2 protein chains.
Amino acid sequence: MATVKTSRGRGRKGAPREPLTVERIVEAAIAIADAEGTSALTMRSVAAALGVQAMSLYNHVANKDAILDRMVDAAFARVVVPTDVDWRTAMRARALAIYEVLRAHPWAIGLLESRRTPGATTLTHHDATIGVMRRAGFSAALVAHALAALDAYVYGFAIQEVSLPLQPSEDIPALAQEVLASMPSDALANLAWFAAEHVMQPGYSFSDELEYGLDLVLDGLERAHLAARPARAARSKRGRD
Amino acid sequence: MATVKTSRGRGRKGAPREPLTVERIVEAAIAIADAEGTSALTMRSVAAALGVQAMSLYNHVANKDAILDRMVDAAFARVVVPTDVDWRTAMRARALAIYEVLRAHPWAIGLLESRRTPGATTLTHHDATIGVMRRAGFSAALVAHALAALDAYVYGFAIQEVSLPLQPSEDIPALAQEVLASMPSDALANLAWFAAEHVMQPGYSFSDELEYGLDLVLDGLERAHLAARPARAARSKRGRD
DNA sequence: ACCTGAACACCGTTCAAGT
DNA sequence: ACCTGAACACCGTTCAAGT
């Protein structure tokens, strides 16, 4: 079919300007998933974006699953854990950074579930995170509580936000009206109350809920931390670390 | 190929014993997803389980997406919200029930993300949930906080659990050892400390973390609830409702 | 060593044809 | 009204062949 051979991708010297690498493959895959969603992410589409045939990818990655693993790792590489502030500030910043990544790359949420082999980046990140709490005097058990609770909350919040019926810009009140109209009016009286009282109010935005719950969890952890070691906590107020 | 026509699925009277319905299709789809995962869930596999051709399904459902929507709705139909107990007991039971559903049907977690059209069951469930808090005197804003925080936590916890590297029965300590051995030993000192101190301890089970974080969130909500209406809360201690 | 055409065994879905 | 065979335009992946 295609009788014309393009010379794109080749420099003046005749050598391939951009040789195919795992990094370039993952980069192209992320760009496609960001722009068109995971359903558009196929071996053929990734290859096409790189000006290559689908089968060439198999020279650099084992299969599509390997690409998905790398994509998650690459996305989370952007989450930095601040180490020069107190644990609460650091863990709060980390949670918000993870949330931003999941917002920017919604496909990462769906992929979290199926990826089971943490990359080097993920391991380093967790090491830094644990370090923040360890230096603040957290017991290993409390570190486990904090990691599980904070990550669960952020992941789950991102999931909820993605699965909302409509984009933020669209008319949520209108949808609420329509849904309510389709049912016996008194069957969903509480939902109607909630919609009228809250969801349909002018400034409503689900995203605003993120920090409320996050601070709820951080409050609880702080309380547990102080209860476990009140002496040292008081001592560290005046002095080092 | 298949020259033998079976008479299974037909009663003695010659009439189809189990006519194809949306309910039977969804039921079969759930059974397949539970047993073999979503990757085994195809129009052809669902049809085969019902002793029918793939194309017959289209007489009862619009497409595969419609089946997925129905599956999520059917799974969550099993979550009941107790209405004869105080709000905290009710919301705690609801959270644990949702968690149980997500554990029993791990495919539901992955589907949560993409399903955007709530069914009648989902709406009724939310109405009952809002009712529990409304009757306890929650403001609409606090109801929103509670719903977002609790659901985020439970969904996120289920996601984390599914994405754990290994099944509970397998040897997590062994994996931890292997991972640590593959890196420079001091590069992941905090992770090593955490693993030795906590993950590799005999009784370790990630599932145990669920209730800790759940109670953390419930504590925070209770505090907010009491702070917002201390007078009425005290009054309801002695008396009606 | 890296790239590729052709092919395989699958998908979801359409359509015209059967009863 | 409901079921179906054949076909379409896709998938991920293998393999033998090219350079």
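Naming convention: chains lettered A, B, ... in sequence-line order (proteins, then strands); numbering from 1 in each chain. No hydrogens, no waters, no symmetry mates; every other heavy atom, side chains included, goes into these values. Note that the structure is a prediction, hence the values are computed from the model and not measured.
- Extent of DNA chain C lying under 4.0 Å from chain A heavy atoms, first and last nucleotide in 5' to 3' order, is dC2(C) to dA7(C).
- Ring pair Y212(B)/H145(A) is parallel by interplanar angle, where below 30° counts as parallel and above 60° as perpendicular.
- Contact annotation for L41(A): backbone-only contact, meaning every heavy-atom pair under 4.0 Å involves sugar-phosphate atoms and none involves a base.
- In this structure, OG1 in T38(A) is found 9.0 Å from CG in L68(A), a value given to the nearest 0.5 Å.
- The backbone N or O of L20(A) lies less than 3.5 Å from a partner atom in the side chain of H60(A), making a donor-acceptor pair.
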- request: Give DNA chain D the dot-bracket treatment, 5' to 3': Watson-Crick (N1-N3 with N6-O4 or O6-N4) or G-U (N1-O2, O6-N3) under 3.5 Å, [ ] crossing, | other strand.
  value: ||.|||||...|||||.||
task: Please report the C-alpha distance between F206(A) and V199(A) in whole Å, then the side-chain angles of each, then the deciding distance to 0.1 Å, and finally whether the side chain to side chain contact (heavy atoms under 4.5 Å, CB included) criterion is met.
output: CA-CA 9 Å; F206(A) 183 77; V199(A) 180; over 6 Å; no
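- No side-chain heavy atom of Y99(B) sits less than 4.5 Å from a side-chain heavy atom of Y153(B).
- Applying the side-chain contact (heavy atoms from CB on, under 4.5 Å) test to A140(B) and every residue at least two apart in sequence or in another chain returns W193(A), F194(A), E197(A), H198(A).
- T42(B) comes within 4.0 angstrom of sugar-phosphate atoms only, judged by non-hydrogen atoms across all strands, and of no base.
- Checking M55(A) against A40(A), the closest nucleotide of DNA chain D that is more toward the 5' end is the one next to A40(A).
- The pair R103(B)-E161(B) meets the salt-bridge criterion, since a charged nitrogen lies less than 4.0 angstrom from a carboxylate oxygen.
- Between the CG atom of L188(B) and the NE2 atom of H126(A) there is a distance of 11.5 Å, given to the nearest 0.5 Å.
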